[in-house]
Amino acid sequence: MTFDASETTFQNPDTDPHANDAAPYGGGDPYADYREAGDLPFTELVDLADRRLGAGVIAANDEFFAQRENLLLRERAVFDPEHFGHKGKIMDGWETRRRRGADADHPFPAPEDHDWAIVRLGAPGIVRGLIVDTAHFRGNYPQRVSVQATAVDGAPGPEELLADEVKWEEILPPTPVRGHAANAFEITGGRRYTHLRLCQHPDGGIARFRVHGEVVPDPAWLAALGTVDLISVLNGGTYEDASDRFYSSPTQIILPGTSRKMDDGWENRRRRVRDTNDWVRFRLPAQGAVRAVEIDTAYLKGNSAGWVALQGRNGETGEWFEIIPRTRLQPDTLHRFVLRAQAVVTHVRLDAFPDGGVARMRLHGSFTESGTAELTRRYEESGA
């Protein structure tokens with residue numbers, strides 16, 4: 001397992017311990033001098049540590065100043081320079097106390113000392129990229145971070161995950177990070193993981209943690225369910241491309257659960273070119289037979305798509321065919337369609353006419369014999 005941080009400029013903290021600091025907050029917009037990560041292809045992949053998928057920070061060795069759960073909040077970290085509590089400055093992230101050495105003659109922590117937090121992925125899968133966001137931690141961020149990963153199925157607790165027999169693999173070795181910045185790391189490898197351990201060396205604060213990758217579902221579980229949502233992120237569905245991503249990511253259309261507000265789906269900008277329309281294309285995790293479709297416009301009241309049509313394709317070079325003809329949508333409404341004949345597909349394309357939002361889409365059906373074989377092969381190849 002390797003990582004690539006070539007697109008990010010890090011200084012060696014051993015040479016200058018403060019080289020990666022951000023300037024002290026000078027007032028005004030706290031994000032004015034925030035260091036973005038740049039264009040990263042892996043951020044188009046689903047965040048395996050998204051709370052909406054069931055992810056959680058289940059343990060940490062220390063969270064004295066700020067609680068571990070903040071790591072997975074969806075919103076950008078906020079900063080209030082006047083917000084203090086009885087323990088000190090209130091920060092929107094995970095922040096540990098300052099580590100100390102063994103005695104007065106050795107006041108600094110030992111080189112191996114570090115703090116850690118264990119993240120349960122909402123959807124087990126292959127990690128392709130990490131974002132360690134130190135927003136607003138300008139001089140109190142960790143000098144280095146590292147990440148280990150493991151695969152333990154079921155619902156293990158912290159004690160089980162920390163047991164000696166559990167094997168953790170280092171997917172990111174201790175690596176310098178910058179303060180008040182989005183620190184990005186590309187991860188290569190093909191292993192399936194269920195839990196990550198985020199470590200900060202020796203201590204400090206991290207605002208947000210994102211784990212982008214590809215879901216690898218358990219084919220035995222899907223077979224036991226029978227009819228499943230063939231396009232759900234939790235089952236390995238992925239967004240491939242879209243005409244417009246102005247307001248929100250099309251990936252949100254295939255998230256589990258129902259949307260809770262307007263921006264919890266896919267919304268595009270207003271289309272002004274006549275005889276054109278917006279669209280989004282998805283790939284199923286394997287070949288499936290669709291028998292029913294749900295399209296939900298929840299919370300999209302004045303900006304839902306006016307009409308939609310759904311097409312399918314079987315294979316990368318298959319011909320597109322109609323699944324649902326152009327159909328009028330109602331705002332803030334769940335629409336259900338039972339197909340007259342099952343549609344065997346590997347890809348689907350949802351067209352919105354002329355533009356507008358869709359909150360959720362579900363493709364109910366089952367994987368074909370060929371699709372099940374593909375899922376099983378991938379699951380076994382990504383295992384230990």
Side-chain angles (χ1 to χ4, degrees), residues 1-15 19-22 34-50 53 55 57 60 68 70-74 76-77 93-96 114-138 141-151 168-216 249 251 382:
M1 182 70 68
T2 61
F3 75 99
D4 181 4
S6 59
E7 298 301 318
T8 305
T9 303
F10 299 105
Q11 301 297 323
N12 187 345
D14 295 333
T15 304
N20 294 315
D21 288 6
Y34 177 72
R35 291 173 281 190
E36 300 281 357
D39 186 21
L40 300 165
F42 67 72
T43 58
E44 290 293 321
L45 299 174
V46 65
D47 180 4
L48 302 175
D50 192 329
L53 304 184
V57 188
R68 63 183 191 260
N70 290 333
L71 283 170
L72 304 188
L73 292 178
R74 298 309 310 161
R76 239 184 175 190
W94 168 50
E95 185 181 9
T96 63
H114 65 276
D115 292 317
W116 53 264
I118 295 178
V119 176
R120 179 192 65 240
L121 299 180
I126 299 170
V127 179
R128 299 301 188 192
L130 304 170
I131 302 290
V132 180
D133 188 351
T134 57
H136 315 305
F137 290 97
R138 296 169 176 269
Y141 62 97
Q143 284 195 311
R144 291 179 173 85
V145 298
S146 65
V147 178
Q148 292 96 45
T150 191
W168 290 85
E169 179 181 356
E170 189 172 71
I171 62 173
L172 179 69
T175 304
V177 291
R178 299 173 299 166
H180 194 47
N183 299 279
F185 306 95
E186 183 176 356
I187 307 297
T188 61
R191 292 282 303 278
R192 172 184 180 269
Y193 299 114
T194 61
H195 296 77
L196 301 188
R197 181 162 57 192
L198 172 63
C199 302
Q200 44 182 340
H201 306 259
D203 53 36
I206 297 170
R208 299 287 188 267
F209 185 48
R210 306 289 184 240
V211 183
H212 295 281
E214 302 164 9
V215 175
V216 180
S249 170
T251 294
S382 63

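- Ring geometry, H212 versus F42: the interplanar angle falls from 30° to 60°, so the pair is classed tilted.
- Nearest heavy atoms, R197 versus W116: CG-CB, 4.0 Å.
- D21 is linked by a side chain to side chain contact (heavy atoms under 4.5 Å, CB included) to H18, Y141, counting only residues two or more places apart in sequence or in another chain.
- S146 and H201 get closest at one heavy-atom pair: OG-NE2, 2.8 Å.
- A55 approaches L48 most closely through the heavy-atom pair CB-O, 4.1 Å.
- Annotation: side chain of E169 is not in contact with side chain of Q148 (no heavy-atom distance under 4.5 Å).
- With R128 contributing its side chain and V211 its backbone, the two residues share no donor-acceptor pair below 3.5 Å.
- Partner of D115 under the side-chain contact (heavy atoms from CB on, under 4.5 Å) criterion, chosen from L198, I206, D203: D203.
- Under the 3.5 Å distance criterion, the side-chain polar atoms of R210 are left unmatched by any main-chain donor or acceptor of D50.
- Side chain of T134 to backbone of R178: a donor-acceptor contact under 3.5 angstrom is found.
- Contact between A123 and L53 at its shortest, heavy atoms only, is CB-CD1, 4.2 Å.
- V127 has its side chain out of reach of F185: every pair of non-hydrogen atoms, C-beta onward, lies at least 4.5 Å apart.
- Ion pair R74/D47 flagged as a salt bridge, since at least one NZ, NE, NH1 or NH2 atom sits closer than 4.0 Å to an Asp/Glu carboxylate oxygen.
- Under a 3.5 Å cut-off, the side chain of N70 and the backbone N or O of G93 do form a donor-acceptor pair.
- Atom CD of Q200 and atom CZ of F137 lie 8.5 Å apart (nearest 0.5 Å).
- Taking the side chain as every heavy atom from C-beta outward, L196 and L130 approach each other to under 4.5 Å.
- Checked by atom type and distance alone, the side chain of H180 pairs as donor or acceptor with a backbone atom of H136 at under 3.5 Å.
- Side chain of S382 to backbone of R191: no donor-acceptor contact under 3.5 angstrom is found.
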- Step by step, would you call I131 with R208 a side-chain contact (heavy atoms from CB on, under 4.5 Å)? CA-CA 8 Å; I131 302 290; R208 299 287 188 267; over 6 Å; no

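- One distance of note links CZ of R35 with CG of N20; it measures 7.0 Å at 0.5 Å rounding.
- In plain terms, the two heavy atoms of F209 and V119 that are nearest each other are CD2-CG2, 4.1 Å.
- A pairwise comparison of heavy atoms in A77 and A207 identifies CB-CB, 3.9 Å as the closest pair.
- Take A117 and apply the side chain to side chain contact (heavy atoms under 4.5 Å, CB included) test, not counting sequence neighbours, and it matches V57, A60, L71, W94.
- Taken from CZ in R68 to CD1 in I118, the straight-line distance is 9.5 Å, to the nearest 0.5 Å.
- Formation of a donor-acceptor pair under 3.5 Å by the T175 side chain with backbone atoms of R144 is not found in this model.
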